[in-house]
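The structure appears below as structure tokens.
Residue numbering restarts at 1 for every chain, and letters A, B, ... go by the order of the sequence lines. The figures here come from the full heavy-atom set of this structure, side chains too, leaving out hydrogens, waters and symmetry mates.
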There are 2 protein chains.
Amino acid sequence: MAANSRVTIAAHALAWLELARRRGRAVLTSEEVAASVNTNPVIVRRSLGDLQRAGLVTARRGNGAGFALGRPAAEITLLDVWLAVSPEPLLALHHSEPNLECPVGRGIRPVLTDVYDEATGAFRATLARTTVNDVLERILT
Amino acid sequence: MAANSRVTIAAHALAWLELARRRGRAVLTSEEVAASVNTNPVIVRRSLGDLQRAGLVTARRGNGAGFALGRPAAEITLLDVWLAVSPEPLLALHHSEPNLECPVGRGIRPVLTDVYDEATGAFRATLARTTVNDVLERILT
DNA sequence: CCAAAAGCAACCATTGCTGTTACATTCGAC
DNA sequence: GTCGAATGTAACAGCAATGGTTGCTTTTGG
């Protein structure tokens, strides 16, 4: 499969929300966000729905409604975003259980799980060092 | 889709090749490997074909043929395996180009590319610290 | 009450992975 | 040189995930 682009879409939306907020518009509709990301408003609503469940944005319905940042952009890391939209592991174990008659088949899964967890941890730690505010600052300079 | 399991299958195959080698059988057929991994021999041939292209295993065709490790198990890291079978990035950018009229749409891609590259580098560095020999040792203890 | 916008369900098309069958190719053994 | 065993590889089916689209329901401010 192609790697998914949800983190990208979510980070884009958040950076755009923060820029709009600085310009005096704290609330944007899914259509306005979609116009910047260049996708369908439903995709944006799905993505921001994930972020809302994680508390990263707030959504208001009804007339004049839209999405706003749930907390300061400097307090939202890309790890927060990744956790909100990408719960799948980076590497998968066997689809079907390996042959337990074989020593390797019997013992390999916990070993690989450990290694994969460690690598995923390093990946996450890096994402945790960049905030949405950092992303926007780097865009604007 | 779920993350792919090719690294797992390849690592399993390599550990099994190393264990067989220690037991005096340096060459295994795809069918023998498939019996341990519990999959189809064609899957194994495809996977080991990738490893062969990277020099991690050797393949001999013809009668009495099969696969053998291309270099000592202690000199094959899981990063080597990952590079041989998983060229896809862990996170993708936008599918369709963002709106270049928007400052965020114009500038976000290189920023995210940098962050993703850094995180992927941390992921790779962790994989590079574990060898096939390490995996087998941890299985056997 | 009305209109605007989120929420949500039901699709479709595409893609990638696994698994399977079938066949061509290679190469050692005899 | 032939035979047989095994790799190499193409083609296809099934399945799941993703992005995209449409349409409808729900909410809510004015």
Query raised in the report: For D:dA5, does OP1 or OP2 lie under 4.0 Å from any side-chain N or O of B:Thr29?
Result: no

Report task. Check whether any side-chain nitrogen or oxygen of B:Asn63 sits under 4.0 Å from OP1 or OP2 of D:dG4, and answer yes or no. Result -> no

Nucleotide nearest [X] (side chain, heavy atoms from C-beta), chosen from [options]:
{"X": "B:Arg6", "options": "C:dT18, C:dC8, D:dG8", "answer": "C:dT18"}
{"X": "B:Asn40", "options": "C:dT21, D:dG4, C:dT18", "answer": "C:dT21"}
{"X": "A:Ala59", "options": "C:dA29, D:dT7, C:dG7", "answer": "C:dG7"}

Query - Donor-acceptor pair between B:Thr77 and B:Asp80 side chains, under 3.5 angstrom - result: yes

Requested in this report: Report yes or no: do A:Arg45 and A:Ser30 form a side-chain donor-acceptor pair below 3.5 Å?
Outcome: yes

If I take atom [atom1] in residue [X] and atom [atom2] in nucleotide [N], what distance separates them, rounded to the nearest angstrom?
{"X": "B:Gln52", "N": "C:dT26", "atom1": "CD", "atom2": "C1'", "answer": "13 Å"}
{"X": "B:Leu93", "N": "D:dT18", "atom1": "CG", "atom2": "P", "answer": "17 Å"}
{"X": "B:Arg61", "N": "C:dA29", "atom1": "CZ", "atom2": "P", "answer": "17 Å"}
{"X": "B:Ile43", "N": "D:dT7", "atom1": "CD1", "atom2": "P", "answer": "14 Å"}
{"X": "A:Asn4", "N": "C:dC17", "atom1": "CG", "atom2": "P", "answer": "14 Å"}
{"X": "B:Leu51", "N": "D:dG8", "atom1": "CG", "atom2": "C1'", "answer": "15 Å"}
{"X": "A:Asp50", "N": "D:dT18", "atom1": "CG", "atom2": "C1'", "answer": "13 Å"}
{"X": "B:Glu88", "N": "D:dA17", "atom1": "CD", "atom2": "P", "answer": "17 Å"}

Query - Residue mapping more 5' on DNA chain D - nearest nucleotide basis, B:Ser96 or A:Arg45 - result: B:Ser96

Query - Whichever of A:Thr39 and B:Gly62 has its nearest DNA chain D nucleotide further upstream toward 5' - result: B:Gly62

Would you classify [X] as touching base, sugar-phosphate or nothing, given that sugar-phosphate means primed atoms plus P, OP1 and OP2, and contacts are heavy atoms under 4.0 Å?
{"X": "B:Gly49", "result": "nothing"}
{"X": "B:Glu32", "result": "nothing"}
{"X": "A:Arg60", "result": "sugar-phosphate"}

Query raised in the report: Should B:Arg106 and B:Glu101 count as an ion pair when the cut-off is N to O under 4.0 Å?
Result: no

Query raised in the report: Hey, is B:Asp114 close enough to A:Arg138 for a salt bridge, meaning N to O under 4.0 Å?
Result: yes

Requested in this report: For A:Gly66 and for A:Arg46, find the nucleotide of DNA chain C with the closest heavy atom, then tell me which residue's nucleotide is more 5'.
Outcome: A:Gly66

Requested in this report: Show your working on side-chain contact (heavy atoms from CB on, under 4.5 Å) between A:Thr131 and A:Glu75 and close with a plain yes or no.
Outcome: CA-CA 7 Å; A:Thr131 68; A:Glu75 296 172 17; over 6 Å; no

